[in-house]
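Some notes on the structure that comes next.
In this chain, numbering begins with 1 at the start of the sequence shown.
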Amino acid sequence: MKVDYELQELPPRTSSKMSEHENSLDIASDDSEANQVHLLSDYSKRKTPSQTIHHIHHTNIQYGKPHFAVLLAGFSALGGWFFGYDQGVTGGIVIMSSFKNDFCVGIYGNKSVCDLTAAALPADYRRFLVLFTLMYNLGCFLGALFISTYIAEKFGRRAIIFTSTVLFIIGTSMVIFPPGGSKPFMIFILIGRIVEGTGVGCSSFSCPLYASEIAPTNLRGMLSGFMTMAIVTGLFSANVFNFFLQHHRWGWRLSNGIILVVPLVLLVGIFFCPETPRWLFKKKGRLQAEKSLKRIRRISNVTAELDAIADAIREEGNELSIKELLTTKKMLKRLVVGMGIHIFLQTSGISPIFAFGGMIFESVLGSGIISLLILSGANMFSTIPALFLFDKIGRRNLLIFCGLGMVLGHFMAATVFRTGCTVVKTIVDKIVVHEDVNCGSYAGILMLIATVIYIICFALSWGAICWIYAAEIFPLNVRARAMSFTTASHWFMCIIMAYMLELIEPIGVHGVFYLFGSLCLLAVVFVYLLCPETKGVLLEDIEEVFDDFKMKDRRIVKRLRCQ
């Protein structure tokens with residue numbers, strides 16, 4: 001392994017101490033967690049800012065045969081399948097007659113009332129639809145923030161994947177098996193949505209984390225992006241099943257129940273997957289990490305990569321507390337970047353489009369489920385080439401240029417609706433009791449095409465990169481805790497975006513799309529100013545990339561400062 005030290009040299013006396021400590025950690029084969037913690041603690045106490053070894057370039061690392069790592073990443077990504085499937089199934093089932101018969105007809109109104117457009121639906125039923133999405137997202141938030149970190153750090157990355165499947169199976173069962181037709185059962189189902197969401201929150205945290213820690217550097221973008229491929233495949237599958245089951249009297253229940261197959265497979269299969277070497281090195285010792293890494297890489301000599309992990313652990317010291325994470329300037333900046341990526345992904349409008357797009361395109365085109373099938377198909381087939389672009393074009397370039405394409409798609413859809421469609425409302429006592437949306441012969445199709453443009457650009461960039469980027473930009477000693485914050489920010493924004501259905505009535509469909517387009521433009525500016533490129537950088541060397549990336553060095557910022 002070739003190691004270059006780019007900062008100051010240590011005083012000879014300190015170097016000697018460091019050398020002794022490095023030797024003691026490198027040869028450590030004891031499986032005792034206490035011994036590992038002692039070694040790290042001993043180092044962190046002796047090290048001062050002026051003594052920190054930093055900016056270490058690790059080269060000549062052998063990654064062996066990637067096939068098993070690819071298989072592991074693909075299998076762990078199944079957690080993304082039920083994440084995507086649930087997101088996709090919701091948009092279709094809310095316009096199924098079986099769903100309306102269980103939760104609207106006879107409870108909030110008759111059949112004709114329950115078939116009205118979104119803005120004219122009974123207010124209480126519309127609130128239930130919002131809660132049906134919101135409670136799920138609340139569960140995702142709770143799972144990502146409060147459960148994931150503890151289990152992932154204490155019991156390992158595999159343990160949190162296992163936990164996510166158990167929670168999801170329990171929650172989905174609570175949703176699909178109770179009968180409809182009464183408000184008490186509706187409350188129980190909403191509680192089930194929270195449990196279901198908790199499982200998804202844990203899986204959205206664990207899958208990219210596991211993949212990033214087992215992946216070879218040159219394939220990390222693609223393997224971490226497997227979760228996104230699973231998400232969009234699940235989403236597309238959901239819309240296919242929605243299409244075939246839309247007229248069945250148990251349609252929404254059957255469509256939701258099919259999802260349970262995948263978590264059951266993952267529940268059993270995760271026991272046959274190795275733990276990540278980075279977690280094992282930190283918690284169990286070098287010998288356990290070496291065994292796991294040899295199994296994953298399929299080679300006998302993994303010394304160079306283990307040395308890189310050891311260097312990172314020594315340099316980082318003890319695991320940071322939440323207080324240190326939030327008060328350390330360097331880590332706080334990194335946290336803002338990771339959370340910002342997730343927040344802007346959601347403000348781009350992807351979740352509302354798939355959750356409520358069926359209702360919108362039902363009124364615009366008269367075929368909501370088919371429209372969702374087209375959108376989810378575009379999403380899935382665009383993600384396939386994206387997997388090969390992350391490590392070629394780079395994360396940053398895709399986020400910026402495809403982000404501009406997303407702006408174009410939203411603005412086109414908004415303008416088409418504004419100029420090509422008319423909305424006639426019947427208002428009684430300031431309440432919309434009926435609404436007719438009439439679009440020209442091509443307006444609805446053009447609006448769908450514009451939304452497809454947005455979806456394609458999203459799938460090529462933001463759809464996967466937010467998960468990849470946030471999983472790789474944090475040091476090992478804070479990675480799990482920081483990722484819980486970034487993933488929680490994703491689901492917190494999902495909670496807020498669930499209220500987009502309520503915005504259709506005051507600002508119109510076109511207003512919602514204009515809002516999404518403007519927020520996409522803001523997202524592009526955010527990436528340009530704050531997000532460096534991480535393509536092809538070893539996880540243990542990303543620290544240097546962020547240290548060298550300064551907002552003041554951006555070309556536009558320089559020009560503005562010179563004026």
Does the ring centre of F132 sit less than 6.0 Å away from the ring centre of F99? yes

What distance do S164 atom OG and L266 atom CG have between them, rounded to the nearest 0.5 Å? 6.0 Å

With a 4.5 Å heavy-atom cut-off, do K329 and K333 have their side chains touching? no

Checking side-chain contact (heavy atoms from CB on, under 4.5 Å) against V407, which of C402, C520, C457, S348 comes through? C520

Rounded to the nearest 0.5 Å, what's the gap from CD1 on I194 to CG on N137? Could you check? 11.0 Å

Pair T327-L332, side chain to side chain contact (heavy atoms under 4.5 Å, CB included): steps then yes or no: CA-CA 7 Å; T327 56; L332 184 59; over 6 Å; no

Is the shortest side-chain heavy-atom distance between V364 and M447 below 4.5 Å? yes

For W462, enumerate each residue passing the ring-ring contact (aromatic ring centres under 6.0 Å, His included) test, keeping only those at least two apart in sequence or located in another chain. none

Tabulate below the donor-acceptor pairs under 3.5 Å that side-chain atoms of residues 511-518 make, not counting sequence neighbours, or state none.
unit_1: Y514; atom_1: OH; unit_2: T415; atom_2: OG1; d: 3.0
unit_1: S518; atom_1: OG; unit_2: Y514; atom_2: O; d: 3.0

Donor-acceptor pair, distance only, cut-off 3.5 Å: does the side chain of R193 make one with the backbone of M135? no

Can a donor-acceptor pair be found, under 3.5 Å and without considering hydrogens, that links the side chain of T487 to the backbone of S484? no

For A386 versus A459, what's the shortest heavy-atom pair and its separation? CB-O, 3.6 Å

With C140, which of T198, I495, V200 fulfils side-chain contact (heavy atoms from CB on, under 4.5 Å)? V200

Check: E153 main-chain N/O paired with W279 side-chain donor or acceptor under 3.5 Å: yes

Where do C273 and Y210 come nearest, in terms of heavy atoms and distance? CB-OH, 3.6 Å

Polar side-chain atom of Y499 near backbone of L134 as donor-acceptor pair, under 3.5 Å: no

From the options I170, T163, I169, select the one residue that forms a side-chain contact (heavy atoms from CB on, under 4.5 Å) with V166. I170

Tell me whether T233 contacts the main-chain N or O of A230 through its side chain, where contact means a donor paired with an acceptor under 3.5 Å. no

Could you walk me through whether I350 and I455 satisfy the side chain to side chain contact (heavy atoms under 4.5 Å, CB included) test, starting with their C-alpha distance in whole Å, then the side-chain angles of each, then the deciding distance to 0.1 Å, before giving a yes or no? CA-CA 8 Å; I350 189 66; I455 290 291; 3.6 Å; yes

Backbone N/O of I473 and side chain of R334: donor-acceptor pair under 3.5 Å: yes

Does any part of the side chain of F381, heavy atoms only, come nearer than 4.5 Å to the side chain of V232, both counted from C-beta? no

What's the verdict on side chain to side chain contact (heavy atoms under 4.5 Å, CB included) for L375 and L448, showing C-alpha distance, side-chain angles and the deciding distance? CA-CA 8 Å; L375 294 176; L448 182 61; 3.9 Å; yes

The single option from V478, L145, T149 passing side-chain contact (heavy atoms from CB on, under 4.5 Å) against F485: L145

E213 side chain to T276 main-chain N or O, any donor-acceptor pair under 3.5 Å? no

Is there a side-chain contact between T451 and I374 (heavy atoms, below 4.5 Å)? no

Do you know the tightest heavy-atom contact between P532 and V545? CB-CG1, 3.7 Å

Would you say Y136 and T90 are linked by a side-chain donor-acceptor pair, where the criterion is simply a distance under 3.5 Å? no

So R157 and E275, salt bridge (Lys or Arg N to Asp or Glu O under 4.0 Å) or not? Walk me through it. CA-CA 7 Å; R157 308 329 192 196; E275 184 55 80; 5.3 Å; no

Backbone N or O of A73 within a donor-acceptor pair of the S76 side chain at under 3.5 Å? yes

Does R395 count as lying over the ring of F390, i.e. NZ or CZ under 6.0 Å from the six-ring centre, within 45 degrees of the axis? no

OG (S489) and CG (L335) are apart, to the nearest 0.5 Å, by 8.0 Å

To the nearest 0.5 Å, how far apart are CG in L404 and CG in L399? 11.0 Å

If we only count heavy atoms from C-beta on, is the I449 to V416 side-chain gap below 4.5 Å? no

Polar side-chain atom of E362 near backbone of G368 as donor-acceptor pair, under 3.5 Å: yes

Take the angle between the ring planes of Y150 and F155 and call it parallel below 30°, perpendicular above 60°, tilted in between. perpendicular

Please, which pairs that meet ring pair (Phe, Tyr, Trp, His ring centres under 6.0 Å) have at least one residue in residues 339-365, sequence neighbours excluded? H342-W467, H342-H490, F344-F526

Can you check whether F82 reaches D86 side chain to side chain, under 4.5 Å on heavy atoms? no

Would you say the side-chain atoms of E472 and S212 include a donor-acceptor pair closer than 3.5 Å? no

Is any side-chain heavy atom of F474 closer than 4.5 Å to one of I542? no

Going through the distances and angles, do E544 and F549 end up as a side chain to side chain contact (heavy atoms under 4.5 Å, CB included)? CA-CA 9 Å; E544 179 185 0; F549 189 88; over 6 Å; no

Donor-acceptor pair, side chain of S255 and main chain of W252, under 3.5 angstrom: no

Going by the angle between their ring planes, with limits at 30° and 60°, are F103 and F128 parallel, tilted or perpendicular? tilted

Close side-chain approach of I456 and N379, heavy atoms under 4.5 Å: no

